Protein chains: 2
Amino acid sequence: MAALTHKYSGGFAVGTRRGIPEATVARLPIYHRVLAGLNDLGVATVSSEELANSSGVSSAKLRKDLSHLGSYGTRGVGYDVEFLVYQIARELGLTQDWPVIIVGVGNLGRALANYGGFASRGFRIVGLLDADPALIGSDVALAPGIRVRHLDELERVVEEAEPAIAVIATPALAAQDVCDRVVAAGMTSILNFAPVVLNVGDRVEVRKVDLATELQILAFHEQRRSRDTEVVVTDSKVSLTVGGAL
Amino acid sequence: MAALTHKYSGGFAVGTRRGIPEATVARLPIYHRVLAGLNDLGVATVSSEELANSSGVSSAKLRKDLSHLGSYGTRGVGYDVEFLVYQIARELGLTQDWPVIIVGVGNLGRALANYGGFASRGFRIVGLLDADPALIGSDVALAPGIRVRHLDELERVVEEAEPAIAVIATPALAAQDVCDRVVAAGMTSILNFAPVVLNVGDRVEVRKVDLATELQILAFHEQRRSRDTEVVVTDSKVSLTVGGAL
DNA sequence: CGGTGTGAATTCATTCACAGCG
DNA sequence: CGCTGTGAATGAATTCACACCG
């Protein structure tokens, strides 16, 4: 029951940095973007303190994060910007470019297809698909040469272009079907904008972006805040008698 | 140095459920959506197992999450769908509606303004702002009566409409300025789509949605996957000599 | 019996604080 | 001396496992 746990996941032999924590992976893109910016500005080195401030994290967290990639800093000095930006890019796989398809070319899908930050960081749109016949054949500004094809051709597009990532921007009702087909066609990475929980096998990685969810989280905090404030205004000593109205 | 920590944040007196963990708050919108769907289907009760499956979490996690709201289930039976959907809605503040402004009416801003899921869950767009004179006065399908106004009018719009949440969908370079003005105007909740880290005082809540970041996280896992597979194909005993090419 | 609610155990993430190196 | 890199300490989230109740 015990005896099978590895106890500590980072820190094997010499040059090893296996098993970067998920929380760290999620921050690497931020560091990368900030560093790329500094690099463009001609900044040569940066301290953990500075980089952390620009990235909105604490310097301790930043150093721990970077320590999972290796010892890329210089004590007493900081990090070499150009070197570090490259190391992070390599870790994230940004040194190659990634073919992407977008399924669902409504308002959101079109906005995504035209989004500059996409192409600028090594993501190349190789397919646009939609079920609506009215959209077939239309083209989209920032995806030159890529015309919208019918959803029926999904499997063909996957085979031809071998996309690594599928972006699902369909209505909620269509999303699971599209997902199933994308997975059946052999794809393993999905970015889902549809407001549904996708069911996939566990070798498929799904990330979701849900606008309504984000707003609801903000609303929760906003509500808590104003509830608390009301109490302070009404009375100034009572510690916690709030909210139990119902 | 010690002696000032509260030790445990949930679990005060009788009907209290203060301090719902952030991770739980982030999942409540999912449960709410799933439950609303079940309710529309006329389902009367649901077990933690079922609800968990539909929500993509484990049943233990779901039960612990719900336990932070109160004891709303019936042992041996499950949860009353209609009752629970209401309790979660109340907790999230979805029983009132929240006025929202969108700053930046480019591709993405327009897509957001037209996004149905927005309005459908109590978020009402009360302002659309942009710096581009060409867009001023145009209107947007799902925000009836709301015309795009010039960014100069931001402060006026905030004062008139008292929005609770600002959505920033401007280009990266404009985002911090807009953010500063939004905060100066007294707003405290921001949903940021611009690929920058916003600097705000700590009484302001910012959530961000970053497309490039999401793709990069997927790319990381995709890379790891294919690297691992390659190794297995090339050789079958070597434990870890990969990736150090440079 | 079946399924909730929850302490206890475990795993994961963050923060602290400082040794050690350039 | 200044700043990185990291063990150790703390804290948060998840999972386990079962008492308890309808």
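These numbers were taken from a predicted model, which means no experiment stands behind them. Chain naming here is simple, since letters A, B, ... match the order of the sequence lines and numbering starts at 1 in each.
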Query raised in the report: Expressed in angstrom and rounded to an integer, what is the separation of A:E50 atom CD from D:dG2 atom C1'?
Result: 12 Å

Query - d(CD, A:E49; C1', C:dT15) in whole Å - result: 14 Å

Query raised in the report: Between atom CG in A:L66 and atom C1' in D:dG5, what is the gap in whole Å?
Result: 10 Å

Requested in this report: Can you tell me the distance, in whole Å, between the CG atom of A:L62 and the C1' atom of C:dT14?
Outcome: 13 Å

Requested in this report: Find the distance A:D65:CG to C:dA13:P and express it as a whole number of Å.
Outcome: 10 Å

**Report entry** Main-chain N/O of A:I20 paired with A:T24 side-chain donor or acceptor, under 3.5 Å
**Finding:** no

Requested in this report: Among D:dG22, D:dT4, C:dG22, find the nucleotide with the atom closest to the side chain of A:S48.
Outcome: D:dT4

Query - Candidates D:dC16, D:dC18, D:dC21 - which lies nearest the side chain of B:R63 - result: D:dC18

Query raised in the report: Is the closest side-chain heavy-atom distance between A:Y115 and B:P195 below 4.5 Å?
Result: yes

Query raised in the report: Nearest-Å distance, OH (B:Y72) to P (D:dG22)?
Result: 18 Å

Requested in this report: Go through D:dT4, C:dC16, D:dC16 for me and flag the one nearest to the A:Y79 side chain.
Outcome: D:dT4

Requested in this report: Can you see which heavy atom on B:Q223 is nearest to which on A:L92, and at what distance?
Outcome: NE2-C, 3.8 Å

Query raised in the report: The side chain of B:K64 lies closest to which of these nucleotides: C:dG5, D:dT14, D:dT6?
Result: D:dT14

Requested in this report: Measure from the side chain of A:R75, starting at C-beta and using heavy atoms only, and say which of D:dG22, C:dG7, D:dT4 lies closest.
Outcome: D:dT4

Requested in this report: Mark yes or no for whether B:R27, through its side chain, and B:L62, through its backbone, hold a donor-acceptor pair below 3.5 Å.
Outcome: no

Report task. Return the 5'-most residue of the pair A:T24, A:V77 with respect to DNA chain C, ranking by each residue's nearest nucleotide. Result -> A:T24

Query - Beyond-backbone contact of B:E91 with B:H32, side-chain heavy atoms, under 4.5 angstrom - result: no

Query raised in the report: Counting any heavy atom closer than 4.0 Å, what does B:S58 reach on the DNA or RNA strands: base, sugar-phosphate only, or nothing?
Result: sugar-phosphate

Report task. Would you kindly give the CD-to-P distance between A:E22 and D:dT14, to the nearest whole Å? Result -> 13 Å

Report task. Consider the side chain of A:S67, meaning its heavy atoms from C-beta on, and name the nucleotide among D:dG5, D:dG7, C:dT4 that approaches it most closely. Result -> D:dG5

Query - Protein-nucleotide distance (B:K61, atom NZ; C:dC12, atom P), rounded to Å - result: 12 Å

Report task. Check every strand shown and say whether A:G73 touches a base, only sugar-phosphate, or nothing at a heavy-atom separation below 4.0 Å. Result -> sugar-phosphate

